[in-house]
Each structure stands twice: as structure tokens, then as C-alpha cells.
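Just so it is clear, the structure is predicted and the values come from calculations on it, not from any experiment. Throughout, numbering of the chain's residues begins at 1 and tracks the sequence.
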Amino acid sequence: MELLPRLDPDEVRRPDRAHVFHSWSARDLIDPPAIVSARGSRFTDHTGREYLDFASQLVNLNLGHQHPELVEAIAEAASRMTTMAPGFAVETRSQAAAMIADKGPGDLDSVFFTNGGADANEHAIRMARIHTGRHKVLAAYRSYHGGTAAAMALTGEPRRWGSEPSFTGVVHYWGPYAYRSSFHSDGEEQECERALAHLRQTVEVEGPGRVAAIVLETIVGTNGVLVPPDGYLAGVRELCDEYSIVMIADEVMAGFGRAGEWFAVDHWDVTPDLITFAKGVNSGYVPLGGVIVSGAIRETFGQRSYPGGLTYQGHPLACASAVASMRIFERDDIIGRARSLGEDVIGPGLREIAQRHPSVGDVRGLGVMWAVELVRDRETREPLVPFNATGSDAAPMGEVAAACKKSGLWPMVAGNRVHVVPPLTTSPDEVREGPAILDEALSVADAHTA
């Protein structure tokens, strides 16, 4: 008996429309395509159209679709042990924890596993509050930290609004963004100085002795691929040390090679107290996330029970795929590959495109994590679509996305930006293919410029 019979694509779409409650969507306004196959950096829908995946789905497929060694690792682990409660020592869990701890900076050498990035951030702030005995948590505007209660409260963009009021004690601050400076800066250096001064003032007026943690995405992801100016993370680290505040780096998107290092903080030689991760640790083949914990915070719970856990934390199959993934990273120098793709292919290619299109206001990124910001006017920097645009206001970005898809490129579109985030295993030729399609699609955006 075939337990999982293959369905005709239309038989997939009908129950999806009738029964699947999709996230971040108005159910009656969407009609998701049925995907029938995927491999490497491409996937194919029910009409037979193949797409080059320049979104890595949700910026998590760092090793691409259907990597044979990851699939084999999961199958082999399943043949020995499909699941085991987190209270037991399990080979794949122990291996994954040891390998992740080895990649973490400084004395971050313990791993608390979760099911994904949102609950990793939930547990990171819980640890920080108990460790410090304080309640307040500072998080940046222009950030996304997950869809669960505390993670959503940390989030500094409109997806938070529908969940309010919720989790208490979160205070938002402005992080650096030189292209659209909140501090009227004239460059990266001044932006760094003024952003740090603003953060210090925020800590001071909230009461340093009441602030448990400062949370930040090392490189802001969905809200713009905002790479911090040199010195900013070191300044945050110094501020946290001064007031005994826990520094939490959310590396759910930027970690595990996406930014061209094991963790993005490695670019600036900064060691947070806690790092949250998910996505790229195993390319999302089985849900997995976690918190990498410093020695000092681990010691807080040496003789004191940590009040939290999850039925599926450190799931054996998820950890098996993480172990296999990290071995592939090491053997194939995926970190070096990501760095090279960014420096030699993606960055130069996007900057060349920018010279041809008046709709391109800014290009920025590291590794295989880039954004092209679109504007109506380069001089005024008016965004191509307004902040949090919907309906007809968002139409120009919808047109750009449609033009990409028509030519076989699946883009990641967020706000007035196209993010360029293909799998790290994408070949240089495929990486060039994507921007070439984007180059043509941007003529649609150019039509909306002044």
C-alpha cells in the first residue's frame, strides 16, 4: 500500500485553497502555485514553469533544494531513531551541539535547541531576564524576530501591529541605516556615532539597571539587508559591558554562511552573550533553531533549573541534518564560496545594474545576502512604493516581481526592495543569470521614476 500517494497538481491546489490557513495572507486573495519538484537552486511549479530560486525560499536553503547528502543523513538517522525526548543524550544532538559550539565566537559553547528562530529569540530573552534579574529588553525598529508572542513584540515593523498589546517590557530604538538615516548623518562613520549615541540615551532614560538585554539582527534581514557600519557592533558590545546588559545577536537569517562567515558577527570580531540561529543551520530540511549560550549565562543555570523546554528540541532527525550540513560546509568551503560569490559576482553585478537604472537607489550586502533598493527619484530618495504599501500603492513592486517570475526568476520582494539571496551552492553562472533577469525586469520600475 502506498501511504503517501502522489496527487495531481490540481488535487494539491484544491485542498490547499479549502483547508490550509496560510500565514501573513488574506486567504481569499491568494492562490499559491503547487510545486512539483525542486533541486539545487531551482524548483518547478504545476504548470511546468521552472524558477531560479533567488529567495532561497525564506532565506533558509543555504545548501539548496534536495541536497543528496542532507536527504541521506535524515533517512539514515530515521532508520536508527526517529525521535527521542530531549532529556536523553542522543548521538546526533550531541554532535550538532558540539559542532555549533565550535563555530561560535568566544566562550559561547553551550546550545539550547529550539524548533526555529522565533522560539530561539523567545528563550534568549528569557535567559537574559533571569540571568540579570531585570525586565526591559531593547530591540530595533526595522527588525523582524519571529511570529510568536515575545519575538513579535521585539519585532520593529508593521507585522507586529496586529498582535498588540502583548508582551511587556520591550522598548524600540533606531539602528543605523545610512541611506535613510534617522540621525541626519552624512556618511557611515557619522551614522555609527549617532546611532550609538541614540542607543546610549535610550538605555539611560529607560534605566540601565532595568535593562536585561539589547537585541539586534547582526545584519538586518527582511527589513532591508542593513549591514552595520564598522564600529557599531563593537560600540553596542561596549555599552552592554558598561551596564552589565546581555547582548543578543539574532543570526537566524545571517548565520551559517549567509553573510560569508559562520556567523555575521565574525566580520567585526564581536562576541555577543547569546546568538540565536535557525534557517541555514540545516537549510530548513527539518525544523531546527537554537541559542548559543555564553559561559556566564550557562553558569547561571548550573545549579538552577532553566524554566523552559520543548517537546521536539534537538530533534534527532533535525540534528542529523545539521551535522551533515556543517560537514558539507567544511569539506566544500561553503563559507569561502559565499564570500567569493558576494565579492566577485553578486556585488559587482548589482552595482553595474544600478548604473543603468534610475530606479535603483542603493545596493548593499555581504556574502550571499544583498538588497537592491528601488526609488522614484534618486535625488530625493523617495521609495518606489510607500512604507507598508498595500493594494494599488504596492503595484509597482508587484509588477517588478511579476516580470521576474515571467522570465523564470523567483525573487524575494520586501517593501521597496528586491533581495538577492540565492542558495550558497548556486553556481557563478546561475548567480549571473538571476541579475540578468532582474536587469530586464527593472525597466518596469524605471517607468515609475521621475
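Every residue two or more places apart in sequence or in another chain was checked for a side-chain contact (heavy atoms from CB on, under 4.5 Å) with Glu299, and none qualifies. Evaluation of the salt bridge (charged side-chain N to carboxylate O under 4.0 Å, His left out) rule for Asp45 yields no partner, not counting sequence neighbours. For Arg160, the salt bridge (charged side-chain N to carboxylate O under 4.0 Å, His left out) criterion is met by Glu164, not counting sequence neighbours. In this structure, the side-chain contact (heavy atoms from CB on, under 4.5 Å) partners of Gln66, at least two apart in sequence or on a different chain, are Arg39, Val71. Partners of His267 by side-chain contact (heavy atoms from CB on, under 4.5 Å), not counting sequence neighbours, listed by chain and number: Ala259, Glu261, Leu366.
Using a 4.0 Å cut-off between a side-chain N of Lys or Arg and a carboxylate O of Asp or Glu, Arg237 and Asp273 qualify as a salt bridge. Classification of Arg327 and Glu69 as a salt-bridged pair fails, no side-chain N sitting under 4.0 Å from a carboxylate O.
For Glu217 (side chain) and His145 (main-chain N/O), no donor-acceptor pair under 3.5 Å exists by modelled atom type. A donor-acceptor pair under 3.5 Å is absent between the side-chain atoms of Thr82 and the main chain of Ala78, judged by distance alone. Thr271 places no side-chain N or O within donor-acceptor distance of the main-chain N or O of Pro105, the cut-off being under 3.5 Å. Remark: the backbone N or O of Ala213 is not paired with any side-chain donor or acceptor of Arg134 at under 3.5 angstrom. Using modelled atom types, no side-chain atom of Asp429 and backbone atom of Ser427 make a donor-acceptor pair closer than 3.5 Å. Looking only at distances, a side-chain donor or acceptor of Asp107 sits under 3.5 Å from a matching main-chain atom of Gly295. Not one N or O on the side chain of Tyr173 forms a donor-acceptor pair closer than 3.5 Å with the backbone of Val203.
Between Leu274 and Ile292, the closest side-chain pair of non-hydrogen atoms is not below 4.5 Å. Under the 4.5 Å side-chain criterion, counting only non-hydrogen atoms from C-beta, Val211 is not in contact with Val171. By the 4.5 Å heavy-atom criterion applied to side chains, Cys319 and Val90 are not counted as neighbours. Considering only heavy atoms from C-beta on, Arg337 comes within 4.5 Å of Pro428 through its side chain. Residues Ile130 and Phe301 form a side-chain contact, since some pair of their non-hydrogen atoms from C-beta on lies under 4.5 Å apart. The side-chain heavy atoms of Arg27 and Val20, taken from C-beta on, include no pair separated by under 4.5 Å. Looking at Thr132 and Ile245, their side chains never come closer than 4.5 Å, going by heavy atoms from C-beta outward. At least one side-chain heavy atom of Leu70 sits less than 4.5 Å from a side-chain heavy atom of Ile328.
Rounded to the nearest 0.5 angstrom, Glu430 CD and Asp53 CG are separated by 10.5 Å. If you take CG on Leu63 and OG1 on Thr426, they are separated by 10.5 Å, rounding to the nearest 0.5 Å. Atoms CE and OG, from Met127 and Ser294 in turn, are 10.0 Å apart once rounded to the nearest 0.5 Å. Rounded to the nearest 0.5 Å, atoms CD1 (Ile100) and CD1 (Ile275) are 11.0 Å apart. Interatomic distance, Arg180 CZ to Glu191 CD, rounded to the nearest 0.5 Å: 12.5 Å. Separating the NE2 atom in His22 from the CG atom in Asp16 is a distance of 3.5 Å, to the nearest 0.5 Å.
Between Tyr306 and His123, the ring planes lie tilted relative to each other; the angle falls in the 30° to 60° range. Between Phe256 and Phe263, the two ring planes are perpendicular [angle over 60°; tilted spans 30° to 60°].
Counted within 6.0 Å of CZ on Phe387, heavy atoms from surrounding residues, nucleotides or ligands total more than 12; the atom is thus considered enclosed. No more than 12 heavy atoms of other residues, nucleotides or ligands shown are found within 6.0 angstrom of OH on Tyr312. More than 12 heavy-atom neighbours from other residues, nucleotides or ligands sit within 6.0 angstrom of CD on Glu50. At most 12 non-hydrogen atoms from other residues, nucleotides or ligands lie less than 6.0 angstrom from CZ of Arg298. Enclosure of atom CZ in Arg42 by more than 12 non-hydrogen atoms of other residues, nucleotides or ligands within 6.0 angstrom is indicated. Heavy atoms from other residues, nucleotides or ligands lying under 6.0 Å from CD of Glu72 number 12 at most.
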Run the ring pair (Phe, Tyr, Trp, His ring centres under 6.0 Å) test on Trp262 and Phe329 for me, step by step, so that the C-alpha distance in whole Å, both residues' side-chain angles and the decisive distance to 0.1 Å come before the verdict.
CA-CA 9 Å; Trp262 279 105; Phe329 266 69; 5.3 Å; yes
Stepwise side chain to side chain contact (heavy atoms under 4.5 Å, CB included) test for Leu138 and Leu199
CA-CA 9 Å; Leu138 272 57; Leu199 180 57; 4.1 Å; yes
Determine, stepwise, if the pair Thr92 / Arg80 fulfils side-chain hydrogen bond (donor to acceptor under 3.5 Å, both in side chains).
CA-CA 11 Å; Thr92 58; Arg80 291 187 290 129; over 6 Å; no
Going through the distances and angles, do Asn115 and His315 end up as a side-chain hydrogen bond (donor to acceptor under 3.5 Å, both in side chains)?
CA-CA 8 Å; Asn115 299 328; His315 193 283; over 6 Å; no
Intermediate values then yes/no, salt bridge (charged side-chain N to carboxylate O under 4.0 Å, His left out), Arg13 and Asp31:
CA-CA 8 Å; Arg13 296 176 72 212; Asp31 185 16; 2.8 Å; yes
Using the rule given for side chain to side chain contact (heavy atoms under 4.5 Å, CB included), can you reason through Lys279 versus Arg258, listing the C-alpha separation, both sets of side-chain angles and the distance that settles it, and then say yes or no?
CA-CA 10 Å; Lys279 293 185 183 286; Arg258 175 59 60 182; over 6 Å; no
Thr218 vs Glu251, side-chain hydrogen bond (donor to acceptor under 3.5 Å, both in side chains): CA-CA, chis, key distance, verdict
CA-CA 6 Å; Thr218 307; Glu251 296 248 356; 2.8 Å; yes
How far apart are the C-alpha atoms of His172 and Ser143, what are their side-chain angles, what is the distance that settles it, and do they pass the side-chain hydrogen bond (donor to acceptor under 3.5 Å, both in side chains) test?
CA-CA 10 Å; His172 286 97; Ser143 69; 5.3 Å; no
Using side chain to side chain contact (heavy atoms under 4.5 Å, CB included), reason through Met369 and Val59 one step at a time and then give a plain yes or no.
CA-CA 9 Å; Met369 189 176 182; Val59 200; 5.7 Å; no
Working note: Leu384 + Arg417, criterion side chain to side chain contact (heavy atoms under 4.5 Å, CB included); need CA distance, chi angles, decisive distance, verdict.
CA-CA 9 Å; Leu384 187 66; Arg417 303 169 305 277; over 6 Å; no
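Phe113 does not carry Arg93 over the face of its six-membered ring by the limits of under 6.0 Å from the centre and within 45° of the normal.
Contact record, Phe54 with Gly434: CZ-CA, 3.6 Å, taken as the closest heavy-atom pair.
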Would you be so kind as to tabulate the donor-acceptor pairs closer than 3.5 Å made by side chains of residues 402-416, with sequence neighbours excluded?
unit_1: Asn416; atom_1: ND2; unit_2: Glu373; atom_2: OE2; d: 3.3
unit_1: Asn416; atom_1: ND2; unit_2: Leu374; atom_2: O; d: 2.9

